Asks: 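Have a look at this one.
Fair warning: this is a prediction, and the values are worked out from it, not measured in the lab.
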Amino acid sequence: MNDIIRQLPDSVANQIAAGEVIQRPASVIKELVENSIDAGADAVTIILKDAGRTLIQVIDNGSGMSDTDARMAFERHATSKISSADDLFTLHTMGFRGEALASIAAIAQVELRTMRRGETLGSRIIINGSRVESQEPDAGVPGSNMMVKNLFFNVPARRKFLKKDAVEMSAIMREFERLALVNTGVDFTLVSNDTTVHSLMHAPLKKRICDLFGKNLDKQLIPIETDTSIVSVSGFIGLPENARKRNPLQFFMVNGRNMQHPYFRKAVLQCYDRLIPADTQPNYFISLRVDPETIDVNIHPTKSEIKFENEQAIWQILTAAIRDSLGRFNVGPSLDFDREADVPEIPVFNPEAEKMPEIDVDPAYNPFVERVPSTDEIFGSELAGSFRPRETVHTRESASTRSESGYSRDGYSPRRDGGMQKTAATDWARLYDDFMRKRDEGMSSAFGAAHMEEAPVDAGESAPSLMPGMSAPAGHVFQYRDTYLLTPSRDGLMVIDQHRAHMRVLYDAYMSKVDEQEFVAQATMFPDVLELSAAQSAVLADIAPRMSRLGFVITDRGGNSWSIDGVPSQLIDTSARDMVLGMIESVTETGLDLASALHEQVALAVARSGAIRRGQPLTSDEIERLLSDLFRSRTPALSPDGKSVFAIISNDYITGLLG
């Protein structure tokens with residue numbers, strides 16, 4: 001029998017390694033720039049064509065390489081950073097694995113020109129898919145000039161999965177921002193398709209932040225700084241009032257290296273509890289300095305995941321530093337250590353003090369009492385035995401206690417003679433049969449027949465009194481506090497959020513007619529000015545022409561500043577700023593088609609603005625129609641923004657409450 005295990009050729013092994021190290025053009029930029037930093041460069045220029053598909057060029061003024069080093073640099077596991085396993089615990093460089101250049105050369109056409117400082121002649125080497133085509137002397141300047149052309153040219157499956165240029169450019173911008181933040185002493189220039197996107201001079205961290213993300217951040221950040229034997233913490237955190245719903249600026253750095261650390265991120269967010277709304281997140285730029293022997297960066301080929309030996313201690317130090325800064329800048333609670341400890345917080349009780357005068361009140365007197373209608377008046381004589389009249393004191397009815405259809409929340413309206421007249425909403429016998437039929441039909445399709453049960457009203461028994469805030473029944477449905485609808489189910493008591501339920505109904509109705517929607521631009525009275533990051537601006541510049549065909553009027557004001565001068569007529573009552581930022585995020589993160597993203601955004605905006613509000617009383621007709629439409633939806637359990645529409649209080653839980 002023939003042997004079946006064989007060693008892979010180096011070219012194949014390098015392509016496999018490239019799948020871990022190089023996922024997209026942004027990965028190439030990260031590896032090449034980190035090599036330039038390790039080489040001592042203080043000026044780096046990045047040149048791109050077609051968001052890195054055609055060309056990625058990184059030029060630096062670092063130490064350069066000799067002829068032999070230039071050739072060896074593209075061999076797998078060849079590195080100048082470490083020489084033994086012990087060096088992994090004293091790392092002071094960005095790279096050390098010796099995989100990046102070999103991986104890049106395996107899936108692209110590479111040309112390197114390099115020359116060491118103090119020499120007059122350098123070297124030029126050309127590699128095509130791991131195969132060295134030529135190496136010859138070359139006259140140049142000190143440093144290195146690396147050109148990566150036609151990324152994934154020999155791996156068509158990988159090239160096919162690259163996203164649109166706007167999405168890839170956005171990823172490049174995010175990687176560039178991380179590199180620029182962690183290397184504030186380096187001059188960076190970024191050029192895309194012959195347009196200079198960034199030109200950054202070396203500067204302190206706060207100046208670098210403002211250069212990258214806008215000058216308006218200058219007054220939105222407060223410093224944090226603490227130094228202990230375990231960790232040194234420095235950087236800036238955002239003021240609570242500047243927390244963002246979308247695209248928060250959140251960066252962690254350790255020993256000059258970017259990292260992702262959910263545990264420490266949670267520590268930061270915990271410090272903002274009760275200071276910011278639940279749907280927002282703060283900005284922060286936090287740098288940690290620790291002993292290299294207490295961290296492990298060799299977790300993943302991209303070196304973005306880092307393990308800490310003293311995680312819990314660093315958590316406590318980090319949260320203490322953040323809370324101290326929030327307290328010192330009067331945005332959070334702080335302790336006043338200068339106040340005398342014996343000063344009482346409340347007046348001392350004095351039994352000789354003058355007592356407050358007593359006032360006699362007649363509890364039986366109520367000037368607002370009106371005649372309460374009889375059960376026959378409200379429900380009709382044929383259903384009077386099924387309901388116990390509520391002990392209700394009717395006050396002057398305000399507009400908030402009436403629905404748009406004109407019915408009061410109790411199902412009857414005042415007569416001119418001071419009594420109450422029965423309305424169409426109180427014809428319970430007619431509504432009961434029709435409602436239960438539609439409800440059962442809708443709920444059966446949504447949950448299946450196993451979740452249904454029949455619970456007819458026994459006319460011989462009187463129903464229990466309703467709780468305060470609970471309106472009259474519509475079949476088996478009650479409105480509680482004008483916010484929730486309560487109805488029995490097989491598994492217990494179903495509680496339905498009326499606002500989210502109506503959102504689901506309106507969203508589905510809009511999306512079912514999406515092909516019929518026409519977008520007409522409606523000019524805004526006051527243009528909404530957006531100050532975007534360079535990454536967001538690059539995406540918006542790419543999608544702006546298509547957005548104009550969908551009804552948006554957006555003007556480039558220069559310097560990553562844009563103004564929204566018009567929106568689709570369907571969105572005139574919604575936030576144009578949130579809409580545009582949401583579309584940028586959708587296109588960037590998911591690569592969705594712009595028209596599809598817009599339709600979903602419009603449908604969600606229409607549903608939110610048109611849905612009945614919490615606290616709005618509903619008539620039985622409205623309740624019947626809402627639930628019937630809801631349970632005909634394909635996804636009745638979730639609102640369009642992914643929140644639960646209803647919850648079920650189980651029978652076992654109810655039994656346990658009652659003992």
Side-chain angles (χ1 to χ4, degrees), residues 15 18 21-36 41 43-61 74 100-101 103-114 124-131 133-134 138 140-141 143-180 186-200 212 533-546 556 560 584 587-588 591:
Q15 286 190 9
V21 180
I22 309 300
Q23 291 96 26
R24 59 198 318 176
S27 305
V28 176
I29 293 173
K30 172 184 181 295
E31 299 295 342
L32 296 184
V33 171
E34 286 183 348
N35 281 344
S36 297
V44 177
T45 300
I46 305 169
I47 301 174
L48 305 172
K49 294 289 186 182
D50 303 326
R53 297 171 189 265
T54 304
L55 172 67
I56 299 173
Q57 184 175 6
V58 176
I59 305 170
D60 68 60
N61 63 350
F74 292 95
L101 291 183
S103 299
I104 294 171
I107 42 87
Q109 298 165 339
V110 177
E111 178 180 341
L112 170 64
R113 294 184 175 185
T114 183
R124 177 172 179 261
I125 183 171
I126 297 176
I127 301 177
N128 192 340
S130 292
R131 183 170 57 88
E133 292 189 344
S134 65
D138 181 73
V141 295
S144 297
N145 183 343
M146 178 80 74
M147 288 181 283
V148 179
K149 305 174 183 177
N150 301 320
L151 190 65
F152 298 124
F153 81 99
N154 56 349
V155 191
R158 294 291 302 277
R159 189 175 181 89
K160 179 179 66 175
F161 283 104
L162 289 178
K163 299 185 183 297
K164 298 178 181 179
D165 284 358
V167 179
E168 294 298 338
M169 190 63 195
S170 179
I172 290 172
M173 293 300 300
R174 290 196 298 271
E175 191 60 57
F176 177 85
E177 290 164 359
R178 287 191 283 265
L179 291 167
V186 179
D187 298 341
F188 283 99
T189 302
L190 177 63
V191 180
S192 175
N193 293 334
D194 301 323
T195 301
T196 300
V197 180
H198 273 303
S199 181
L200 307 176
L212 283 171
S533 67
Q536 293 173 312
S537 184
V539 175
L540 184 55
D542 181 72
I543 66 177
R546 285 175 287 167
D556 186 356
N560 298 328
I584 293 174
V587 173
T588 300

Asks: How long is the straight-line distance from OG1 of T54 back to CG of D165, given to the nearest 0.5 Å?
Replies: 8.0 Å
Asks: I104 pairs by side chain to side chain contact (heavy atoms under 4.5 Å, CB included) with which of V148, I56, I127?
Replies: V148
Asks: Grab the two heavy atoms, one from A105 and one from V110, that are nearest each other, plus how far apart they are.
Replies: CA-CG2, 3.9 Å
Asks: Which atom names give the shortest non-hydrogen contact between L162 and P25, and what distance separates them?
Replies: CD2-CD, 3.8 Å
Asks: Which distance, rounded to the nearest 0.5 Å, do you find between the CG of L32 and the CE of M147?
Replies: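 Answer for the CG-CE pair, L32 versus M147, is 12.0 Å.
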Asks: As a quick check of understanding, evaluate side chain to side chain contact (heavy atoms under 4.5 Å, CB included) for S103 and E31, giving each step before the final call.
Replies: CA-CA 10 Å; S103 299; E31 299 295 342; over 6 Å; no
Asks: Identify the heavy atoms of S170 and V539 that sit nearest to each other, and give their distance.
Replies: CB-CG2, 3.6 Å
Asks: Would you please test V33 and F176 for side chain to side chain contact (heavy atoms under 4.5 Å, CB included) and show each step?
Replies: CA-CA 9 Å; V33 171; F176 177 85; over 6 Å; no
Asks: Rounded to the nearest 0.5 Å, how far does CD1 of I59 lie from CD1 of I47?
Replies: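 I47 atom CD1 to I59 atom CD1 measures 4.0 Å (nearest 0.5 Å).
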Asks: Under the side-chain hydrogen bond (donor to acceptor under 3.5 Å, both in side chains) rule, collect the residues that match up with T45, sequence neighbours excluded.
Replies: none
Asks: Quick one: list whatever passes salt bridge (Lys or Arg N to Asp or Glu O under 4.0 Å) with E175, sequence neighbours left out.
Replies: R178
Asks: What's the spacing between L112 CG and S144 OG if we round to 0.5 Å?
Replies: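 The CG atom of L112 sits 5.5 Å away from the OG atom of S144.
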Asks: What pair of heavy atoms forms the shortest contact from F74 to L101, and how long is it?
Replies: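 Scanning both residues completely, I find the closest heavy atoms to be CD2-O, 3.7 Å.
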Asks: Nearest 0.5 Å please: distance from the CG atom of L151 over to the CZ atom of R24.
Replies: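 CZ of R24 is found 11.5 Å from CG of L151.
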Asks: Find out whether I29 and L48 are in side-chain contact, i.e. whether some heavy atom of one side chain is under 4.5 Å from a heavy atom of the other.
Replies: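 They are in side-chain contact.
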Asks: List for me each residue that meets side chain to side chain contact (heavy atoms under 4.5 Å, CB included) alongside A41, sequence neighbours excluded, and say none if there are none.
Replies: S36, V44, D60, N61
Asks: Taking all atoms of both residues into account, what is the closest heavy-atom pair of A43 and V186, and its distance?
Replies: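 Shortest heavy-atom separation between A43 and V186 comes out as N-CG1, 3.9 Å.
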Asks: Looking at every non-hydrogen atom in both residues, tell me the closest pair between A108 and K149 and how far apart they are.
Replies: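 Minimum heavy-atom separation between A108 and K149: CB-O, 3.6 Å.
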Asks: Using the side-chain hydrogen bond (donor to acceptor under 3.5 Å, both in side chains) criterion, which residues pair with N150? Sequence neighbours excluded.
Replies: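 Per chain and number, N150 pairs via side-chain hydrogen bond (donor to acceptor under 3.5 Å, both in side chains) with Q109.
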Asks: Without placing hydrogens or testing angles, list every side-chain donor-acceptor pair under 3.5 Å for residues 187-195, not counting sequence neighbours.
Replies:
unit_1, atom_1, unit_2, atom_2, d
D187, OD1, H202, N, 2.6
D187, OD1, H202, ND1, 3.0
N193, OD1, D50, N, 3.0
D194, OD1, K49, NZ, 3.0
D194, OD2, K49, NZ, 3.2

Asks: For R113, check salt bridge (Lys or Arg N to Asp or Glu O under 4.0 Å) against everything at least two apart and list the hits.
Replies: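 Residues passing salt bridge (Lys or Arg N to Asp or Glu O under 4.0 Å) with R113: E111.
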Asks: Output, in order, the C-alpha distance, side-chain angles, deciding distance and verdict of side chain to side chain contact (heavy atoms under 4.5 Å, CB included) for N35 and M146.
Replies: CA-CA 11 Å; N35 281 344; M146 178 80 74; over 6 Å; no
Asks: Starting at CZ of F152, measure out to CD1 of I22 and round the result to the nearest 0.5 Å.
Replies: 7.0 Å
